[in-house]
Every structure is written in structure tokens, then in C-alpha cells.
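Take a look at the structure below.
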There are 2 protein chains.
Amino acid sequence: MNWKQLFPQFEPGLIEIIEKEAVQRSFNAGDIIMRTGQYIKSTALVLEGRVKIYRENQDGGEFLMYYLGPGQACAVSMICALQSHTSEIMAVAEEDSEVLMIPVQLMDDMMNKYKTWYQFVIQTYRGRFDELLSVVDNIAFRNMDERLEFYLKRYTEKAGKKTIDISHQQIADDLNSSREVISRLLKKMEQRNLVKLHRNMIELL
Amino acid sequence: MNWKQLFPQFEPGLIEIIEKEAVQRSFNAGDIIMRTGQYIKSTALVLEGRVKIYRENQDGGEFLMYYLGPGQACAVSMICALQSHTSEIMAVAEEDSEVLMIPVQLMDDMMNKYKTWYQFVIQTYRGRFDELLSVVDNIAFRNMDERLEFYLKRYTEKAGKKTIDISHQQIADDLNSSREVISRLLKKMEQRNLVKLHRNMIELL
DNA sequence: TTACTGCTGTGATTTCTGTCACATTGTGAG
DNA sequence: CTCACAATGTGACAGAAATCACAGCAGTAA
């Protein structure tokens, strides 16, 4: 896979550095890319596939924050990288994914030397911050039914298809809810002709 | 007020630019500094007082995100400024406050020229992102009683004193809850000897 | 003082969500 | 086909929080 077409704006010198120093890694669906508490040694740039970023608490609760698709980077890994902190989130490959790992030590230099990199980082911050804001909005102001609709819509947008191939249990985990609640709400949505339910698959209408 | 002592790390050239181009503004407690949907023309740097950053939704619901104290900047205004977007949050002075307004146009240049400014911006991003993460944690994983305790603790930390001079109604607004719920939970906390309740004031023990 | 207003306390009721229990159904391994 | 198991459907119940209703209380202005 030629990653350069994902970042046409990057200038030659920057591309050269990345080619020389960054490592491309493959992850299978389900693989953990970054774990809560782990020390961050590189910034992750998604080239292919889909990566799920979520928060985990001590009692085993999970909470989905957002997805990263091709051309997107993990703001947390950038922030941590720049300050050598440990991760506060989990990153897991939702599909088989290709990720470019850029060593921490390069970040500072790249930020200073390459305007396009600097712009990319700023843009990444803004993007993730905005997504986090809409997550806050949802859990602060919305009930589970609306949050579920938002979840499904976001999923189809990110995955680029109208079907959601996951179980009710997984959705419940992502929303930090319970399977029964999700099943019931989905049934109601089916009665309103918003979705069609199948086994391990939900069709958005 | 001499703002320079708040930012001892800033290099001379940077200080000079800020002195020349930035405008210092005073706000009274309760004044709105930035409003949802407003176009952002400058980055806000708090010199004195306390500024409350919160989210508002269309039905009049509010939700406190965090406070800014002396030496802190609004990450949202930086992000928006750098990309000329409109604000997605509300900023209100909680106490009488002094705020340094740095025009948007200078940001790019300052980021490139002054390493200490660049570091300050990065540090601001990380700080706000972290706070937003802990906000998400709280509403996603905690019940109202724990959220209330967190709220009171954070308030006293930010205000630098053990008393909270606001009404139950205001707390309810900040937590997007209702006055009765907060009153009841506070009563329970009083029975556990965690607080002492007064009119318009709560004493943290 | 009296009257008014805003803050606080508290019970009753309802809604939403989480939890438990168990039935049913789809699917793949053998 | 049959068995095992995972996914889903559903009723009953519990608990947290929102809402409604109203009473008491503190401070303030006249």
C-alpha cells in the first residue's frame, strides 16, 4: 500500500523522513494497538482499516470515543508522545489495519521543520477534540435511544456501508450499557422502520 | 497586573509581540466571554480570576466542562482560531477576571517563531484534552453522587478555598441535573460528615 | 413589622436504565 | 441430524434520577 496518496499535502523532505524512520505495522481485527497505561513510543497514523479508540475504567467498563480511518491519526498518541506520557486510552483494530508508527523522538523536529506536518497535527487535534465534544454532548444530554441512533449512524458513516456487523452485546459494551437494553431499543427502532435486524447484523434503512 | 510573571518561560521576542498586539480585557463575574456559535477572533489567555467553560444544547441544557485559571488558555479558542471556525462552547467569567486576547492572525506566526509559545499551545491541548477525558469518565461511569463529589473537589481546588459559594440550583445546572437531586445528595453527604451546608454556601470538610 | 422573593428540604410518583431469569432461535461442528 | 453454544427476545423487578407539589426559612426592601 502506498501511503503517500493519503497525504498528498506532505512536502518531499517530510515524506523522506517518514519513509526512512517510520515503521509500518499490520494488525488483525481485534488486535490491541495501544493499551491503557502503556508507555507511548510512537505516534500512530492509520493507513488502512479502522481503529477504535475507547476509554476503559477499572471495573471493566468500556466506553467508545471514536474511530480512526485511513489518513487519520490518534491525537492522544501525539499529545502523549510530545510529552512522553503514558496512554490513557485503548486503541484496537476493528478491521485488519495498516498503521504507520512514527517514533516519538522525531515529532518535535518534524513539527518545527515541516509546515504540512504541523498543520496535520493541528487539524488532528481539532478533529479529535470536536469528536470528544460530541461524545460529551451525547452522554450528557441524550437518552440511550438517541445515543444508539447516533452510534449506528456514526458506525455506518465510518464503515462506509449500511450494515452493522456486530452483536447487540458489543454495542452495549461500546455504549457502556447492557445487552437487554440495546436489544429492546433496537426492536423499537425496527418497529419504527429505522432498521432491520438480523443475526450479528443490523441494516440501517 | 503584570502578566509576564505568569509566563516566565516566554522569550523576549514573544513577550514583545504580545505586548504590542494583544489586548487585555476585564470581565465582571457573570460576563460572557465567548458564546456558542460566535466567530472567534482571538485566543483567550486568562491572567486573573476564573473562567468557566461549558457546553450548551438547544433545549437550554448546560454542562460544565472545566475551569480556566490564571496562566491557562482556552484550547477551543486556539483550535478555532487556527482554523477560523466558530466556537462550540460557552466561556463565562465566574469571578471578576482579566483576560489577554491575542488576535488570531498572530497565532500562526507565533507558533512558527517562538518555541516557548508552541510548547505552551501543545501543553494547553494536552491539559484540556485530559480534562475532557476525565469529564467523559465521570458521566460515562459514575453516578450522580460521585460526580457531585468530584465537582465539589474540583471547585475547591480551582478556587483555592474550602467553601463553595453557589446555590444548589447552579450546581444542578453545571451537572445537567435537577436541584432536588443535588439537595438530597448534599444532605446525605452532610450526614456522612463530608460537608456542612449553609445558605448559598457549602463547606467542604 | 410585613410582604416578597429566592433558597432549601422532603414526600410522592414516574421514567429510564440496569439486572436477573429464562425461553427461543440461528449456526456451525461433529 | 443432533448437539452445543452464542445471539436474541422478553417479562419481572430494582435502583437512580427527573419531575411535581408544597412547606419552611433566610434575607431584603418598604
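All chains are named by letter (A, B, ...) in the order of the sequence lines, taking the proteins before the strands, and each is independently numbered beginning at 1.
- The NE2 atom of B:H198 sits 18 Å away from the P atom of D:dC25 (whole-angstrom rounding).
- Contact annotation: the side chain of B:E203 never approaches that of B:I164 to less than 4.5 Å [non-hydrogen atoms, C-beta and beyond].
- Here the side chain of A:L197 is nearest to one of D:dG9, D:dT8, C:dG9, namely D:dG9.
- For the pair A:Q191 CD and D:dT8 P, the computed distance is 17 Å after rounding to whole Å.
- Rounded to an integer number of Å, the gap from B:D165 CG to C:dC7 C1' is 15 Å.
- The nearest whole Å value for the distance from the CZ atom in B:R184 to the P atom in D:dA17 is 11 Å.
- Between the CD atom of B:Q170 and the C1' atom of C:dG6 there is a distance of 12 Å, rounded to whole Å.
- Contact check of residues 173-181 of chain B against DNA chain C (heavy atom, cut-off under 4.0 Å) returns B:R179, B:E180.
- Considering A:R142, A:R192, A:R154 as possible partners of A:E149, the one that fulfils the salt bridge (Lys or Arg N to Asp or Glu O under 4.0 Å) test is A:R192.
- Between the CD1 atom of A:I182 and the P atom of D:dA6 there is a distance of 21 Å, given to the nearest Å.
- Summarising the geometry, the separation between NE2 on B:H168 and C1' on D:dA18 is reported as 18 Å, rounded to the nearest angstrom.
- The existence of a salt bridge linking B:R25 and B:D31 is excluded, since no basic side-chain nitrogen approaches an acidic carboxylate oxygen closer than 4.0 Å.
- Although no hydrogens or angles enter the test, the distance criterion places a donor-acceptor pair under 3.5 Å between the side chain of B:Q170 and the main chain of B:S167.
- Near DNA chain C, defined here as any heavy-atom distance below 4.0 Å, there are no residues from residues 136-151 of chain B.
- Spacing between atom CG of B:L185 and atom C1' of C:dT8 amounts to 14 Å, rounded to whole angstrom units.
- You'll find the side chain of B:I33 stays beyond 4.5 Å of the side chain of B:V92, heavy atoms only.
- Under a 3.5 Å cut-off, the side chain of B:S177 and the backbone N or O of B:D173 do not form any donor-acceptor pair.
- The cationic atom of B:R128 (NZ for Lys, CZ for Arg) lies less than 6.0 Å from the six-membered ring centre of B:Y66 and within 45° of the ring axis.
- Using a 4.5 Å cut-off on side-chain heavy atoms (C-beta onward), B:F120 and B:Y114 make no contact.
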Would you give me the side-chain donor-acceptor pairs under 3.5 Å for residues 50-57 of chain B, sequence neighbours excluded?
from: B:R50; atom 1: NH1; to: B:E94; atom 2: OE1; distance (Å): 2.6
from: B:R50; atom 1: NH2; to: B:E95; atom 2: OE2; distance (Å): 2.8
from: B:K52; atom 1: NZ; to: B:D174; atom 2: OD1; distance (Å): 2.9
from: B:R55; atom 1: NE; to: A:D137; atom 2: OD1; distance (Å): 2.8
from: B:R55; atom 1: NH1; to: B:E88; atom 2: O; distance (Å): 2.4
from: B:R55; atom 1: NH2; to: A:D137; atom 2: OD2; distance (Å): 3.1
from: B:N57; atom 1: OD1; to: B:D59; atom 2: N; distance (Å): 3.4
from: B:N57; atom 1: OD1; to: B:G61; atom 2: N; distance (Å): 2.8

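- Taking only distance into account, the side chain of A:R199 never meets the base of C:dT24 through a donor-acceptor pair shorter than 3.5 Å.
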